[in-house]
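Report on the following structure.
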Amino acid sequence: MSTAIELETVAKDVQVRVTRNRDCCFLACVSLKAEPYVPMAVLAQYPETIRRASNGAVQFGTVLFFLAAGQAELLFAWLQEDAQ
């Protein structure tokens with residue numbers, strides 16, 4: 001399993017955390033307001049099915065996550081780096 005990447009979203013106090021093993025990516029959308037942090041969504045997806053959407057959004061299966069500016073680029077760079 002690789003190290004996780006933490007991505008900021010357009011929503012204040014909401015973060016997306018992604019990690020992967022050799023075959024699958026695991027995503028947790030987390031509320032940073034609660035203590036301890038509360039996952040609002042948890043998904044598993046094959047890396048090759050993760051797609052860019054408009055305006056910095058990323059599509060995981062049928063779910064869209066709206067990331068802050070530049071965060072989608074970080075995610076895809078991390079996915080490429082981790083795949084090698």
Side-chain angles (χ1 to χ4, degrees):
M1 183 118 25
S2 68
T3 59
I5 184 170
E6 296 178 344
L7 304 165
E8 300 304 316
T9 67
V10 295
K12 184 180 177 187
D13 297 323
V14 176
Q15 189 177 66
V16 170
R17 297 179 180 174
V18 184
T19 191
R20 77 183 273 185
N21 65 17
R22 149 189 106 143
D23 299 321
C24 196
C25 284
F26 304 94
L27 176 141
C29 184
V30 180
S31 171
L32 302 177
K33 278 188 162 183
E35 193 59 45
Y37 299 151
V38 175
M40 300 184 307
V42 178
L43 302 168
Q45 195 70 34
Y46 292 113
E48 58 272 8
T49 64
I50 299 170
R51 304 202 190 309
R52 294 178 192 271
S54 63
N55 297 328
V58 176
Q59 182 178 354
F60 279 74
T62 60
V63 180
L64 289 176
F65 289 93
F66 294 92
L67 301 178
Q71 297 295 285
E73 290 78 14
L74 287 175
L75 172 64
F76 287 103
W78 177 82
L79 286 171
Q80 287 298 318
E81 173 186 298
D82 202 45
Q84 299 173 359

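The basis for the numbers below is simple: all heavy atoms, side chains too, and nothing from hydrogens, waters or symmetry mates. Nothing here was measured: the structure is a model prediction, and the numbers come from that model.
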List the atom of Gln71, the atom of Glu8, and the distance in Å for their closest heavy-atom pair. OE1-N, 3.0 Å
Enter the distance from Lys12:NZ to Gln15:CD here, rounded to the nearest 0.5 Å. 14.5 Å
Ignoring hydrogens, what is the shortest heavy-atom contact between Cys29 and Phe65? Give both atom names and the distance. CB-CE2, 3.7 Å
Atom pair OG1 (Thr19) and CD (Glu6), whose distance is rounded to the nearest 0.5 Å: 10.5 Å
Transitive ILVMFWY cluster of Val10 at side-chain heavy atoms under 4.5 Å: who else is in it? Leu64, Phe66
Can you name the closest pair of heavy atoms from Ala72 and Gly56 and give their distance? CB-O, 3.9 Å
With sequence neighbours excluded, residues passing side chain to side chain contact (heavy atoms under 4.5 Å, CB included) with Pro47: Arg20, Cys25
May I ask you to test the Asn21-Asp23 pair for a side-chain heavy-atom distance under 4.5 Å? yes
Non-neighbouring partners of Arg52 that pass salt bridge (Lys or Arg N to Asp or Glu O under 4.0 Å), sequence neighbours left out: none
Contacts of type side-chain hydrogen bond (donor to acceptor under 3.5 Å, both in side chains), residue Gln45, not counting sequence neighbours: Thr49
Over all atoms of both residues, closest heavy-atom pair of Val16 and Leu67: CG2-CD2, 4.0 Å
side-chain hydrogen bond (donor to acceptor under 3.5 Å, both in side chains) contacts in which one or both residues fall within residues 25-43, not counting sequence neighbours: none
Rounded to the nearest 0.5 Å, how far does CG of Leu43 lie from CZ of Phe60? 7.5 Å
Nearest non-hydrogen partners of Ile5 and Leu74, listed with the distance: CD1-O, 3.9 Å
Which residues share a side-chain hydrogen bond (donor to acceptor under 3.5 Å, both in side chains) with Glu73, sequence neighbours left out: none
